Amino acid sequence: MIRPVIAIHGGCGVMAKLDLSEADWADARRDLAEALRVGWRVLHSGGSAVDAVEAAVVVMEDSPQFNAGHGAAFNTDGVHELDSSIMRGSDLGAGAVTLARRIRNPVRAARALLERNTAIMLGGPEADKFAEATGLDMVEQEYFTTERRAQALATLKAKAIAGTLKSATEAEKHGTVGAVALDAQGHLAAATSTGGYTNKPAGRIGDSPIIGAGTYARDGVCAVSGTGAGEFFIRHAVGHEIASRIAYLGETLQTAADQVIKTDLASYGVGAGIVAVDAHGNITAPFNTDGMFRGWITADGDLFVGTHTDVTQVSL
Ligand code: ASP
């Protein structure tokens, strides 16, 4: 019997440590731990990896701490346009929605598409209509808005006018949530959900709904969920690239992931991070920014969460 594992991220757009109070950091760690526990319970009650990653991502979409669902970033028009995808490693089944405006939990719509198996990706109003017809919870735009994201949009617009965009912090720019899991049957899955980056052009689609870029899972190899400058994840087909390095070069999960995140993407000077798990239950969570909200539960049931370099064990 294979011992399940799960790993999650809440984005590599993490604020400088001193910019938030200890209480705010504790809230983020609490919500990460809760997402992990929810996914873990699914895996330990006979659920599949794909059930587990969906459940964990829903918790993070519902939390205001992360840039997905409630708490999503604004585009340049002050609108939330949400992207999400999910992939099942056993048969490469996948679903994705992009530019969704009214779906409370975009990952649920991605999952519904995976099960429907008539299209992998739906975009814009048709994604919203599909979710509504499927019976998913629909919300108004205000549901996604938080004070922190409104402030980030105002700051980035001011910096764009002043010509100081380069000084924007990773936290002002972006964030995403994602989960990867290995279940007791040895199946892998990955899911990702995001509001994209703050002040993005209307209609811009990032890597999170692109299978092979921000999300990828293939049984026998690995499952990957990414966060960071989406355009570069698409150019490098990051999820598929990491899987290919393992499959074709025989690299370990950590070597393959480090190469892509800390060398290939870092060479552009863009922020990037991933969580990934391989077919043996190894977990890695590399990032090239100051921090990445992240956490995992090992095969022994040890739960860890981290924001910056430090990682803390908390009770399961
Ligand atoms: N990867 C996301 C996107 O480009 C944003 C992020 O993770 O920061 O839409």
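Please read these numbers as outputs of a predicted model, since none were measured by experiment.
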Salt bridge (charged side-chain N to carboxylate O under 4.0 Å, His left out) with [X]: which residues, sequence neighbours excluded?
X	value
Glu231	Arg204
Arg235	none
Arg245	Glu251

Checking side-chain polar atoms at under 3.5 Å, does [X] have a donor or acceptor matched by the opposite partner on [Y]?
X	Y	result
Thr194	Thr176	yes
Thr98	Asp83	yes
Thr192	Ser85	no

- Item | Arg88 bridged to Glu54 by N-O distance under 4.0 Å | no

### Message
Tell me whether Asp51 is salt-bridged to Arg111, with the criterion being a basic N under 4.0 Å from an acidic carboxylate O.
### Response
yes

Does [Y] offer a backbone N or O that forms a donor-acceptor pair with the side chain of [X] under 3.5 Å?
X	Y	result
Asp207	Ala229	no
Lys200	Glu81	yes
Arg149	Gly71	yes

Could you list the donor-acceptor pairs under 3.5 angstrom formed between side-chain atoms of residues 121-128 and any protein atom two or more places apart in sequence or on another chain?
from	atom 1	to	atom 2	distance (Å)
Glu126	OE2	Lys129	NZ	3.0
Asp128	OD1	Arg101	N	3.1
Asp128	OD1	Arg102	N	3.2
Asp128	OD2	Arg101	N	3.2

By side-chain contact (heavy atoms from CB on, under 4.5 Å), Ala243 pairs with (sequence neighbours left out) Tyr216, Val221, Cys222

Worksheet entry | Parallel, tilted or perpendicular: ring planes of Phe232 versus Tyr268, cut at 30 and 60 degrees | tilted

Working for salt bridge (Lys or Arg N to Asp or Glu O under 4.0 Å), residues Glu140 and Arg104: CA-CA 9 Å; Glu140 297 305 319; Arg104 176 184 166 131; over 6 Å; no

Donor-acceptor contacts under 3.5 Å from residues 303-312 side chains, at least two apart:
from	atom 1	to	atom 2	distance (Å)
His308	NE2	Met15	O	2.8
Asp310	OD2	Lys17	NZ	3.4

